[in-house]
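Please read the structure below before turning to the comments.
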Protein chains: 2
Amino acid sequence: MMLSRASKYAILSTLFLAEHSSETRKISVKEIANSIDVPSPFLAKLFQQLVRGKIISSTKGPNGGFYLTKRNRKKAVIDIIENIDGLEKINECFLGLNECDGSNPCPVHFIVEPFKNNIMGKFRDKTITEFAEEISSNGRVLTLKDLTTPKKQ
Amino acid sequence: MMLSRASKYAILSTLFLAEHSSETRKISVKEIANSIDVPSPFLAKLFQQLVRGKIISSTKGPNGGFYLTKRNRKKAVIDIIENIDGLEKINECFLGLNECDGSNPCPVHFIVEPFKNNIMGKFRDKTITEFAEEISSNGRVLTLKDLTTPKKQ
DNA sequence: ATATATTAAGACCTTTTTATCTTTTATACT
DNA sequence: AGTATAAAAGATAAAAAGGTCTTAATATAT
(Lines give C-alpha, C1' and ligand atoms only; values in the text may rest on other atoms or scores of the structure.)
Protein backbone atom coordinates (compact mmCIF):
# COMPACT_ATOMS: atom_id res chain seq x y z
CA MET A 1 0.00 0.00 0.00
CA MET A 2 2.62 2.47 -1.04
CA LEU A 3 3.71 4.30 -4.11
CA SER A 4 6.87 4.00 -6.16
CA ARG A 5 8.86 7.12 -6.81
CA ALA A 6 7.58 6.92 -10.36
CA SER A 7 3.94 7.09 -9.22
CA LYS A 8 4.67 10.01 -6.96
CA TYR A 9 6.30 11.93 -9.80
CA ALA A 10 3.38 11.05 -12.01
CA ILE A 11 0.73 12.26 -9.57
CA LEU A 12 2.53 15.47 -8.79
CA SER A 13 3.28 16.39 -12.36
CA THR A 14 -0.21 15.51 -13.55
CA LEU A 15 -1.60 17.85 -10.90
CA PHE A 16 0.93 20.39 -12.10
CA LEU A 17 -0.36 20.02 -15.65
CA ALA A 18 -3.92 20.38 -14.38
CA GLU A 19 -3.03 23.70 -12.87
CA HIS A 20 -0.71 25.12 -15.52
CA SER A 21 -1.46 23.56 -18.89
CA SER A 22 -4.29 23.66 -21.38
CA GLU A 23 -4.84 22.57 -24.97
CA THR A 24 -3.37 25.89 -26.07
CA ARG A 25 -0.68 26.04 -23.41
CA LYS A 26 1.45 22.94 -23.66
CA ILE A 27 4.37 22.36 -21.38
CA SER A 28 7.62 20.60 -22.20
CA VAL A 29 9.20 17.97 -20.03
CA LYS A 30 12.16 20.23 -19.44
CA GLU A 31 9.98 23.06 -18.30
CA ILE A 32 8.42 20.87 -15.63
CA ALA A 33 11.60 19.06 -14.78
CA ASN A 34 13.54 22.30 -14.43
CA SER A 35 10.98 24.12 -12.36
CA ILE A 36 10.93 21.13 -10.04
CA ASP A 37 13.58 18.69 -8.94
CA VAL A 38 12.63 15.63 -10.92
CA PRO A 39 15.16 14.22 -13.40
CA SER A 40 13.86 15.11 -16.82
CA PRO A 41 14.73 11.93 -18.77
CA PHE A 42 12.97 9.89 -16.13
CA LEU A 43 9.96 12.17 -16.22
CA ALA A 44 9.98 11.94 -20.01
CA LYS A 45 9.70 8.16 -19.78
CA LEU A 46 6.89 8.45 -17.30
CA PHE A 47 5.06 10.93 -19.48
CA GLN A 48 5.27 8.56 -22.43
CA GLN A 49 3.56 5.93 -20.37
CA LEU A 50 0.94 8.34 -19.07
CA VAL A 51 0.17 9.37 -22.64
CA ARG A 52 -0.23 5.75 -23.69
CA GLY A 53 -2.53 5.32 -20.69
CA LYS A 54 -4.53 8.39 -21.76
CA ILE A 55 -3.90 10.11 -18.46
CA ILE A 56 -2.22 13.05 -20.11
CA SER A 57 -1.86 14.22 -23.72
CA SER A 58 1.02 15.38 -25.87
CA THR A 59 1.93 16.86 -29.21
CA LYS A 60 5.34 16.87 -30.79
CA GLY A 61 7.18 19.68 -32.47
CA PRO A 62 7.45 23.41 -31.89
CA ASN A 63 5.02 24.69 -29.27
CA GLY A 64 4.35 21.08 -28.51
CA GLY A 65 4.49 19.51 -25.10
CA PHE A 66 2.24 17.90 -22.55
CA TYR A 67 -1.18 19.04 -21.44
CA LEU A 68 -4.54 17.82 -20.18
CA THR A 69 -7.70 17.57 -22.21
CA LYS A 70 -11.16 17.73 -20.69
CA ARG A 71 -11.25 13.94 -20.71
CA ASN A 72 -7.86 13.73 -19.04
CA ARG A 73 -9.11 16.03 -16.32
CA LYS A 74 -11.84 13.59 -15.38
CA LYS A 75 -9.39 10.85 -14.53
CA ALA A 76 -8.81 10.04 -10.89
CA VAL A 77 -5.57 9.78 -8.97
CA ILE A 78 -6.12 6.05 -8.77
CA ASP A 79 -5.90 5.90 -12.57
CA ILE A 80 -2.41 7.36 -12.41
CA ILE A 81 -1.36 4.85 -9.80
CA GLU A 82 -2.90 2.02 -11.77
CA ASN A 83 -1.11 3.15 -14.91
CA ILE A 84 2.31 3.32 -13.31
CA ASP A 85 2.41 0.80 -10.46
CA GLY A 86 -0.65 -1.29 -11.17
CA LEU A 87 -3.41 -1.78 -8.65
CA GLU A 88 -2.15 -5.02 -7.19
CA LYS A 89 0.69 -3.34 -5.46
CA ILE A 90 -1.41 -0.74 -3.68
CA ASN A 91 -4.12 -3.23 -2.80
CA GLU A 92 -1.91 -5.90 -1.39
CA CYS A 93 -1.95 -6.93 2.27
CA PHE A 94 0.05 -4.62 4.51
CA LEU A 95 2.11 -7.53 5.75
CA GLY A 96 2.35 -9.17 2.35
CA LEU A 97 0.09 -12.16 2.94
CA ASN A 98 -1.44 -13.61 -0.17
CA GLU A 99 -4.73 -14.45 1.40
CA CYS A 100 -5.82 -11.66 3.67
CA ASP A 101 -9.42 -10.68 4.16
CA GLY A 102 -12.07 -10.40 6.84
CA SER A 103 -12.38 -14.13 7.32
CA ASN A 104 -8.68 -14.81 7.07
CA PRO A 105 -7.02 -11.67 8.30
CA CYS A 106 -3.37 -10.87 8.84
CA PRO A 107 -2.36 -9.56 12.27
CA VAL A 108 -2.97 -5.96 11.29
CA HIS A 109 -5.82 -6.43 8.85
CA PHE A 110 -8.51 -4.75 10.94
CA ILE A 111 -6.24 -1.85 11.69
CA VAL A 112 -5.16 -1.25 8.13
CA GLU A 113 -8.31 -2.05 6.19
CA PRO A 114 -10.49 0.94 7.13
CA PHE A 115 -7.61 3.24 6.42
CA LYS A 116 -7.02 1.73 3.04
CA ASN A 117 -10.68 1.81 2.04
CA ASN A 118 -11.06 5.43 2.96
CA ILE A 119 -7.99 6.67 1.20
CA MET A 120 -8.59 4.57 -1.87
CA GLY A 121 -12.12 5.90 -2.02
CA LYS A 122 -10.83 9.42 -2.22
CA PHE A 123 -8.27 8.53 -4.83
CA ARG A 124 -11.05 6.95 -6.81
CA ASP A 125 -13.78 9.56 -6.41
CA LYS A 126 -11.95 12.83 -6.80
CA THR A 127 -10.99 13.87 -10.29
CA ILE A 128 -7.66 15.38 -11.16
CA THR A 129 -9.44 18.70 -11.63
CA GLU A 130 -11.01 18.53 -8.20
CA PHE A 131 -7.70 17.80 -6.60
CA ALA A 132 -6.02 20.63 -8.47
CA GLU A 133 -8.81 23.07 -7.61
CA GLU A 134 -8.64 22.13 -3.99
CA ILE A 135 -4.96 22.92 -4.00
CA SER A 136 -5.24 26.34 -5.59
CA SER A 137 -8.40 27.31 -3.69
CA ASN A 138 -6.41 26.77 -0.54
CA GLY A 139 -3.96 29.31 -1.81
CA ARG A 140 -1.26 26.75 -2.10
CA VAL A 141 1.14 26.69 -4.97
CA LEU A 142 2.03 23.35 -6.36
CA THR A 143 5.75 23.51 -6.66
CA LEU A 144 7.39 20.19 -6.39
CA LYS A 145 10.78 21.68 -5.61
CA ASP A 146 11.28 19.74 -2.46
CA LEU A 147 10.78 16.20 -3.56
CA THR A 148 12.91 13.94 -1.46
CA THR A 149 15.88 12.77 -3.43
CA PRO A 150 17.54 10.41 -0.99
CA LYS A 151 20.87 9.89 -2.72
CA LYS A 152 21.71 13.44 -3.56
CA GLN A 153 21.49 14.70 -0.01
CA MET B 1 4.35 4.98 4.43
CA MET B 2 4.96 1.39 3.50
CA LEU B 3 7.05 -1.50 4.60
CA SER B 4 9.91 -3.24 2.89
CA ARG B 5 9.66 -6.95 2.43
CA ALA B 6 12.27 -7.24 5.14
CA SER B 7 10.07 -5.41 7.66
CA LYS B 8 7.11 -7.58 6.81
CA TYR B 9 9.12 -10.74 7.35
CA ALA B 10 10.41 -9.29 10.60
CA ILE B 11 6.98 -8.40 11.97
CA LEU B 12 5.45 -11.72 11.02
CA SER B 13 8.23 -13.84 12.40
CA THR B 14 8.49 -11.83 15.60
CA LEU B 15 4.79 -12.44 16.14
CA PHE B 16 5.45 -16.08 15.38
CA LEU B 17 8.15 -16.17 18.04
CA ALA B 18 5.78 -14.47 20.48
CA GLU B 19 3.32 -17.27 19.97
CA HIS B 20 5.62 -20.26 19.75
CA SER B 21 8.88 -19.56 21.53
CA SER B 22 10.00 -19.07 25.10
CA GLU B 23 13.28 -18.91 26.99
CA THR B 24 13.18 -22.68 27.24
CA ARG B 25 11.79 -23.28 23.78
CA LYS B 26 14.08 -21.74 21.22
CA ILE B 27 13.40 -21.93 17.54
CA SER B 28 15.92 -22.17 14.73
CA VAL B 29 15.81 -20.04 11.62
CA LYS B 30 15.22 -23.11 9.53
CA GLU B 31 12.28 -24.18 11.62
CA ILE B 32 10.58 -20.85 11.01
CA ALA B 33 11.72 -20.56 7.43
CA ASN B 34 10.53 -24.07 6.61
CA SER B 35 7.19 -23.81 8.31
CA ILE B 36 6.59 -20.64 6.37
CA ASP B 37 7.64 -19.51 2.93
CA VAL B 38 10.38 -17.06 3.75
CA PRO B 39 13.90 -17.74 2.42
CA SER B 40 15.96 -18.85 5.38
CA PRO B 41 19.29 -17.14 4.63
CA PHE B 42 17.46 -13.86 4.27
CA LEU B 43 15.53 -14.43 7.47
CA ALA B 44 18.78 -15.32 9.22
CA LYS B 45 20.22 -11.94 8.26
CA LEU B 46 17.13 -10.18 9.50
CA PHE B 47 17.22 -12.07 12.77
CA GLN B 48 20.81 -11.02 13.33
CA GLN B 49 19.75 -7.43 13.00
CA LEU B 50 16.72 -7.89 15.24
CA VAL B 51 18.97 -9.42 17.90
CA ARG B 52 21.36 -6.47 17.69
CA GLY B 53 18.32 -4.22 18.03
CA LYS B 54 17.17 -6.19 21.10
CA ILE B 55 13.84 -6.99 19.49
CA ILE B 56 14.43 -10.70 19.73
CA SER B 57 17.00 -12.90 21.50
CA SER B 58 19.21 -15.78 20.47
CA THR B 59 21.60 -18.40 21.74
CA LYS B 60 24.00 -20.41 19.66
CA GLY B 61 24.72 -24.09 19.74
CA PRO B 62 22.63 -27.19 20.23
CA ASN B 63 19.10 -26.44 21.40
CA GLY B 64 19.87 -22.84 20.60
CA GLY B 65 17.79 -20.63 18.42
CA PHE B 66 15.68 -17.52 18.58
CA TYR B 67 13.13 -16.60 21.23
CA LEU B 68 11.57 -13.68 23.06
CA THR B 69 12.36 -12.61 26.58
CA LYS B 70 9.88 -10.72 28.75
CA ARG B 71 11.58 -7.49 27.75
CA ASN B 72 11.39 -8.39 24.08
CA ARG B 73 7.68 -8.99 24.46
CA LYS B 74 7.13 -5.42 25.57
CA LYS B 75 8.45 -4.00 22.35
CA ALA B 76 5.98 -2.54 19.87
CA VAL B 77 5.55 -3.25 16.21
CA ILE B 78 6.92 0.19 15.47
CA ASP B 79 10.21 -0.86 17.08
CA ILE B 80 10.54 -3.64 14.54
CA ILE B 81 9.87 -1.27 11.69
CA GLU B 82 12.30 1.25 13.10
CA ASN B 83 14.95 -1.40 13.46
CA ILE B 84 14.66 -2.65 9.88
CA ASP B 85 13.48 0.23 7.71
CA GLY B 86 14.04 3.18 10.00
CA LEU B 87 11.27 5.57 10.93
CA GLU B 88 11.98 8.14 8.23
CA LYS B 89 10.68 5.89 5.53
CA ILE B 90 7.34 5.21 7.15
CA ASN B 91 6.90 8.80 8.26
CA GLU B 92 7.71 10.42 4.96
CA CYS B 93 5.15 12.33 2.93
CA PHE B 94 2.88 10.11 0.87
CA LEU B 95 3.87 11.94 -2.28
CA GLY B 96 7.52 12.23 -1.33
CA LEU B 97 7.71 15.95 -0.60
CA ASN B 98 10.46 16.96 1.76
CA GLU B 99 8.50 19.64 3.50
CA CYS B 100 4.99 18.46 4.10
CA ASP B 101 2.98 19.44 7.14
CA GLY B 102 -0.21 21.23 8.09
CA SER B 103 1.05 24.64 7.04
CA ASN B 104 2.74 23.43 3.90
CA PRO B 105 0.80 20.36 2.86
CA CYS B 106 1.13 18.15 -0.19
CA PRO B 107 -2.00 17.60 -2.30
CA VAL B 108 -3.05 14.58 -0.29
CA HIS B 109 -1.73 15.61 3.10
CA PHE B 110 -5.09 16.08 4.79
CA ILE B 111 -6.36 12.83 3.40
CA VAL B 112 -3.40 10.76 4.46
CA GLU B 113 -2.40 12.34 7.74
CA PRO B 114 -5.28 11.26 10.02
CA PHE B 115 -4.95 7.67 8.94
CA LYS B 116 -1.27 7.64 9.33
CA ASN B 117 -1.55 8.94 12.87
CA ASN B 118 -4.17 6.36 13.70
CA ILE B 119 -2.27 3.42 12.38
CA MET B 120 1.07 4.54 13.74
CA GLY B 121 -0.55 5.00 17.13
CA LYS B 122 -1.58 1.39 17.17
CA PHE B 123 1.82 0.22 16.05
CA ARG B 124 3.29 2.26 18.84
CA ASP B 125 0.89 1.40 21.66
CA LYS B 126 0.32 -2.30 21.30
CA THR B 127 3.04 -4.61 22.50
CA ILE B 128 4.16 -7.64 20.59
CA THR B 129 2.47 -9.75 23.26
CA GLU B 130 -0.80 -7.92 22.84
CA PHE B 131 -0.72 -8.40 19.11
CA ALA B 132 0.08 -12.07 19.46
CA GLU B 133 -2.65 -12.58 22.06
CA GLU B 134 -5.18 -10.85 19.90
CA ILE B 135 -4.34 -13.20 17.09
CA SER B 136 -4.67 -16.41 19.09
CA SER B 137 -7.70 -15.22 21.08
CA ASN B 138 -9.44 -14.78 17.77
CA GLY B 139 -8.78 -18.42 17.07
CA ARG B 140 -6.51 -17.54 14.21
CA VAL B 141 -3.32 -19.39 13.56
CA LEU B 142 -0.35 -17.41 12.56
CA THR B 143 1.04 -19.33 9.69
CA LEU B 144 2.87 -17.22 7.23
CA LYS B 145 2.65 -19.77 4.48
CA ASP B 146 1.06 -17.45 2.00
CA LEU B 147 3.44 -14.54 1.98
CA THR B 148 3.42 -13.06 -1.47
CA THR B 149 6.54 -13.96 -3.34
CA PRO B 150 6.08 -11.99 -6.54
CA LYS B 151 8.77 -13.52 -8.74
CA LYS B 152 8.14 -17.17 -8.04
CA GLN B 153 4.52 -17.10 -9.08
C1' DA C 1 38.35 -32.22 25.14
C1' DT C 2 35.62 -33.18 21.16
C1' DA C 3 31.80 -33.27 18.14
C1' DT C 4 27.75 -31.05 16.90
C1' DA C 5 24.21 -27.72 16.37
C1' DT C 6 23.23 -23.37 15.85
C1' DT C 7 23.80 -18.23 15.31
C1' DA C 8 27.08 -14.32 13.48
C1' DA C 9 29.42 -12.09 9.99
C1' DG C 10 30.78 -10.85 5.66
C1' DA C 11 31.27 -11.45 0.78
C1' DC C 12 28.68 -12.17 -3.16
C1' DC C 13 24.90 -12.57 -6.60
C1' DT C 14 20.21 -11.25 -8.82
C1' DT C 15 16.30 -8.51 -9.70
C1' DT C 16 13.86 -4.35 -9.64
C1' DT C 17 13.70 0.43 -9.62
C1' DT C 18 15.49 4.65 -10.86
C1' DA C 19 17.95 7.37 -14.05
C1' DT C 20 20.49 8.58 -18.51
C1' DC C 21 21.71 8.80 -23.25
C1' DT C 22 21.02 8.45 -28.22
C1' DT C 23 18.37 8.09 -32.21
C1' DT C 24 13.98 8.47 -34.57
C1' DT C 25 9.55 10.55 -35.59
C1' DA C 26 6.09 14.10 -35.76
C1' DT C 27 4.77 19.01 -36.01
C1' DA C 28 5.00 23.83 -36.97
C1' DC C 29 6.93 27.62 -38.98
C1' DT C 30 9.43 30.02 -42.55
C1' DA D 1 11.07 21.86 -49.08
C1' DG D 2 13.93 22.83 -45.11
C1' DT D 3 14.77 23.67 -40.42
C1' DA D 4 13.95 23.86 -35.63
C1' DT D 5 11.57 21.92 -31.83
C1' DA D 6 9.59 18.70 -29.08
C1' DA D 7 8.00 13.97 -27.91
C1' DA D 8 8.68 8.68 -28.75
C1' DA D 9 11.38 4.82 -28.51
C1' DG D 10 14.88 1.99 -27.23
C1' DA D 11 19.32 0.79 -25.34
C1' DT D 12 22.17 1.35 -21.44
C1' DA D 13 23.82 2.42 -16.67
C1' DA D 14 23.63 3.02 -11.66
C1' DA D 15 21.56 2.25 -7.25
C1' DA D 16 18.73 -0.14 -4.06
C1' DA D 17 16.38 -4.10 -2.48
C1' DG D 18 16.16 -8.79 -2.09
C1' DG D 19 18.39 -13.09 -1.67
C1' DT D 20 22.42 -16.73 -1.25
C1' DC D 21 26.66 -18.83 0.23
C1' DT D 22 30.75 -19.64 2.95
C1' DT D 23 33.33 -19.39 6.93
C1' DA D 24 33.84 -18.25 11.82
C1' DA D 25 32.31 -18.16 16.52
C1' DT D 26 29.93 -20.09 20.42
C1' DA D 27 27.21 -22.93 23.32
C1' DT D 28 25.80 -27.70 24.63
C1' DA D 29 26.11 -32.43 25.46
C1' DT D 30 28.75 -36.42 25.64
Side-chain angles (χ1 to χ4, degrees), chain A residues 2-10 12-13 17 21 23-34 36-67 84-86 88-89 96 147-153, chain B residues 2-10 13 17 21 23-34 36-68 84-86 88-89 96 147-153:
Chain A
M2 149 75 157
L3 306 179
S4 66
R5 195 90 73 89
S7 268
K8 293 175 182 177
Y9 292 166
L12 288 167
S13 43
L17 285 177
S21 82
E23 320 223 0
T24 55
R25 159 72 175 129
K26 293 159 189 170
I27 305 182
S28 74
V29 174
K30 278 190 186 169
E31 193 173 339
I32 300 186
N34 281 343
I36 64 188
D37 254 358
V38 171
S40 82
F42 190 63
L43 197 63
K45 277 278 140 194
L46 276 178
F47 275 7
Q48 284 176 35
Q49 191 173 340
L50 291 171
V51 169
R52 283 195 296 271
K54 301 190 195 289
I55 310 288
I56 68 178
S57 304
S58 69
T59 55
K60 297 180 181 178
N63 298 320
F66 296 93
Y67 61 100
I84 302 292
D85 286 345
E88 294 153 27
K89 196 177 164 188
L147 258 183
T148 50
T149 45
K151 317 86 201 265
K152 291 180 187 170
Q153 288 175 347
Chain B
M2 150 75 156
L3 306 179
S4 67
R5 196 89 76 85
S7 268
K8 293 175 182 178
Y9 292 167
S13 44
L17 285 177
S21 82
E23 319 223 2
T24 54
R25 160 73 176 126
K26 292 159 190 170
I27 306 183
S28 74
V29 174
K30 278 191 185 168
E31 193 173 338
I32 299 187
N34 280 344
I36 65 190
D37 255 356
V38 172
S40 81
F42 191 63
L43 199 62
K45 276 277 140 194
L46 276 178
F47 275 7
Q48 284 175 35
Q49 191 173 339
L50 291 172
V51 169
R52 281 195 297 271
K54 302 193 193 288
I55 309 289
I56 68 179
S57 304
S58 69
T59 54
K60 298 178 178 178
N63 298 319
F66 297 91
Y67 61 99
L68 300 188
I84 302 293
D85 286 345
E88 293 153 29
K89 196 176 163 186
L147 258 184
T148 51
T149 44
K151 316 88 201 266
K152 292 180 185 170
Q153 287 176 350

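Side-chain atoms are counted along with the backbone in the values below, which use heavy atoms only and exclude waters and symmetry mates. Reminder, nothing fancy here: chain letters follow the sequence lines and each chain counts from 1. Since we're looking at a predicted model, the values are computed, not measured.
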How would nucleotides 23-30 of chain C be written as a contact map, 5' to 3', with B for base contact, S for sugar-phosphate-only contact and - for no contact, using protein heavy atoms under 4.0 Å? --BBBBS-

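- Between the side chain of B/Lys45 and the base of C/dG10, a donor-acceptor pair under 3.5 Å is found.
- Rounded to whole Å, atom P of D/dA17 lies 14 Å from atom NZ of B/Lys8.
- Not a single donor-acceptor pair under 3.5 Å links the side chain of A/Ser40 to the backbone N or O of A/Lys30.
- For A/Leu50 and D/dA8, the CG to C1' distance is 14 Å, given to the nearest whole Å.
- The CZ-P distance, from B/Phe42 to D/dA17, rounds to 11 Å in whole Å.
- As judged by a 4.0 angstrom heavy-atom cut-off over every strand, B/Ile27 is placed among residues touching the sugar-phosphate backbone only.
- Looking at heavy-atom distances under 4.0 Å, B/Ile56 makes no contact with the nucleic acid at all.
- If you take OH of A/Tyr67 and P of D/dA6, they are 15 Å apart, rounded to a whole angstrom.
- You'll find the side chain of B/Leu46 reaches within 4.5 Å of the side chain of B/Ile84, heavy atoms only.
- Rounded to whole Å, atom P of D/dA9 lies 14 Å from atom CG of A/Leu46.
- Note: CG (B/Leu43) to P (D/dC21) measures 15 Å, nearest angstrom.
- In this structure, CD in A/Gln49 is found 9.5 Å from NZ in A/Lys45, a value given to the nearest 0.5 Å.
- Where B/Gly64 and A/Ala44 meet DNA chain D, the nucleotide closest to each residue was compared, and A/Ala44 sits on the side nearer the 5' end.
- The line from CG of A/Leu17 to CZ of A/Phe47 is 5.0 Å long, rounded to the nearest 0.5 Å.
- The CD1-P distance, from A/Ile32 to D/dA7, rounds to 9 Å in whole Å.
- Here C/dT16 presents its C1' atom at 14 Å from CE of B/Met2, a figure rounded to the nearest Å.
- Closest to the side chain of B/Gln48, from the set D/dA8, C/dA8, D/dT20, is C/dA8.
- For B/Arg52 and C/dA9, the shortest distance from a side-chain N or O to OP1 or OP2 is below 4.0 Å.
- The shortest heavy-atom contact between A/Pro39 and A/Tyr9 is CD-OH, 4.0 Å.
- At the phosphate of C/dA19, OP1 or OP2 sits under 4.0 Å from a side-chain N or O atom of A/Tyr9.
- When atom types are taken as modelled, the side chain of A/Asp85 and the backbone of A/Leu3 share no donor-acceptor pair closer than 3.5 angstrom.
- Regarding contacts with the backbone of C/dT16, every side-chain N or O of B/Arg5 stays at 4.0 angstrom or more from both OP1 and OP2.
- A/Phe47 comes within contact range of no nucleotide atom at all, as no heavy-atom separation falls under 4.0 Å.
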Give every donor-acceptor pair under 3.5 Å between a side-chain atom in residues 55-65 of chain B and any protein atom, sequence neighbours left out.
unit_1, atom_1, unit_2, atom_2, d
B/Ser57, OG, B/Asn72, OD1, 2.6
B/Thr59, OG1, B/Lys26, NZ, 3.3

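- Taking OG from A/Ser7 and NZ from A/Lys89, the interatomic distance works out to 7.0 Å, rounded to the nearest 0.5 Å.
- The nearest heavy atom of DNA chain C to A/Ser7 and to B/Val51 marks one nucleotide each, and the one closer to the 5' end goes with B/Val51.
- Residue-level contact check: A/Ser40 touches neither bases nor backbone, having no heavy atom under 4.0 Å from any strand.
- Residue B/Ser28 is the one, among B/Ser28 and A/Ser4, whose nearest nucleotide of DNA chain C lies closer to the 5' end (criterion: closest heavy atom).
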